[in-house]
Student: 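Handing you this structure, nothing more for now.
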Amino acid sequence: MLESLKASDLDAARSKIQEMMEKARNDREKGSVMAAAGILASMSKGKDGTVQTWEAQKVARAAQAIRRSQMADDWDRGYAETLSSYARLLSSKE
């Protein structure tokens, strides 16, 4: 799913996200899928299928802020894990 997003293959990402939404069994998995869906939504609105303003460091900082929150639950942790994974993929692309 994240590899498709990294490659800006929005159709493949959309179908993988839909498939994962149907298979998500717990809050952590649901949070993870929602993070990917948010990235996809941003990319769909971006120029030529890319997110110009998403830099690996900014994504990683957002994930760290979620993890540090005392209010974070399993859904938040899943969301943060996906953001961290995406940040690593972006870093490897540069």
Side-chain angles (χ1 to χ4, degrees):
M1 165 176 68
L2 295 178
E3 286 290 338
S4 296
L5 291 170
K6 175 185 172 188
S8 295
D9 187 349
L10 303 184
D11 291 331
R14 189 173 290 110
S15 66
K16 289 176 185 178
I17 289 170
Q18 182 63 36
E19 180 182 326
M20 292 187 76
M21 278 186 186
E22 294 168 4
K23 293 180 180 180
R25 296 177 312 263
N26 56 47
D27 284 347
R28 191 176 213 130
E29 290 174 0
K30 290 175 185 174
S32 179
V33 174
M34 291 308 295
I39 294 167
L40 175 63
S42 295
M43 291 179 80
S44 296
K45 295 176 184 176
K47 180 180 176 185
D48 297 325
T50 61
V51 181
Q52 302 295 328
T53 60
W54 283 43
E55 298 170 10
Q57 293 174 337
K58 290 180 181 179
V59 176
R61 278 197 310 268
Q64 290 169 356
I66 292 169
R67 285 191 180 110
R68 284 192 301 264
S69 171
Q70 293 179 357
M71 302 286 288
D73 58 12
D74 279 345
W75 193 96
D76 296 322
R77 283 186 271 288
Y79 197 97
E81 287 169 1
T82 299
L83 288 181
S84 293
S85 295
Y86 191 62
R88 283 191 296 276
L89 284 173
L90 290 176
S91 292
S92 67
K93 186 177 184 178
E94 295 172 355

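Source: prediction; values computed, not measured.
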Student: Atom NZ of K30 and atom CE of M21: how far apart are they, to the nearest 0.5 Å?
Tutor: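 K30 NZ to M21 CE: 11.5 Å, rounded to 0.5 Å.
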Student: Find the distance between CG (L2) and CG (L83) and round it off to the nearest 0.5 Å.
Tutor: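 One finds 9.5 Å between CG of L2 and CG of L83.
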Student: Considering all heavy atoms of both residues, which atom of M34 and which atom of Y79 are nearest to each other, and what is their separation?
Tutor: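 Heavy atoms only, the tightest pair is C-CE1, 3.9 Å.
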Student: Does the pair E29/K23 count as a salt bridge with the N-to-O cut at 4.0 Å?
Tutor: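 Judged by the 4.0 Å cut-off on N to carboxylate O distance, E29 and K23 do not form a salt bridge.
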Student: Would you check if the side chain of T82 reaches a backbone N or O of G78 as a donor-acceptor pair within less than 3.5 Å?
Tutor: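 Flag set: sc T82 to bb G78 pair under 3.5 Å.
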Student: Any idea which heavy atoms bring L5 and A36 closest together, and the distance?
Tutor: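 Minimum heavy-atom contact is CD1-O, 3.9 Å.
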Student: What distance do R88 atom CZ and K6 atom NZ have between them, rounded to the nearest 0.5 Å?
Tutor: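 Reported value, rounded in 0.5 Å steps: 12.0 Å.
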Student: State, with a plain yes or no, whether a side-chain heavy atom of E81 is found less than 4.5 Å away from one of R28.
Tutor: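 Yes, their side chains come closer than 4.5 Å.
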Student: Ignoring hydrogens and angles, tell me if any N or O in the side chain of S92 forms a donor-acceptor pair with the backbone of L89 under 3.5 Å.
Tutor: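 Yes.
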Student: Write down the atom of A56, the atom of S91, and the distance for their closest heavy-atom approach.
Tutor: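 Smallest interatomic distance, heavy atoms only, reads CB-OG, 3.2 Å.
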Student: Do D27 and D73 come close enough that some side-chain heavy atom pair is under 4.5 Å?
Tutor: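 Contact flag for D27/D73 side chains = no.
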Student: Can you name the nearest heavy-atom pair linking A12 to S4, along with the distance?
Tutor: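 It is CB-OG, 3.8 Å.
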Student: Counting C-beta onward and ignoring hydrogens, is there a side-chain heavy-atom pair between V59 and L90 closer than 4.5 Å?
Tutor: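 Yes - at least one pair of side-chain heavy atoms lies under 4.5 Å apart.
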Student: Can you tell if the side chain of S44 reaches within under 4.5 Å of the side chain of L40, non-hydrogen atoms only?
Tutor: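 In short, these two side chains touch, coming nearer than 4.5 Å.
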Student: Taking all non-hydrogen atoms of both residues into account, name the closest pair between R67 and S84 and its distance.
Tutor: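 Closest heavy-atom pair between R67 and S84: NH1-OG, 2.9 Å.
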Student: What's the separation between atom CZ in R14 and atom CG in D9, rounded to the nearest 0.5 Å?
Tutor: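 Atom-to-atom, R14:CZ and D9:CG are 10.0 Å apart.
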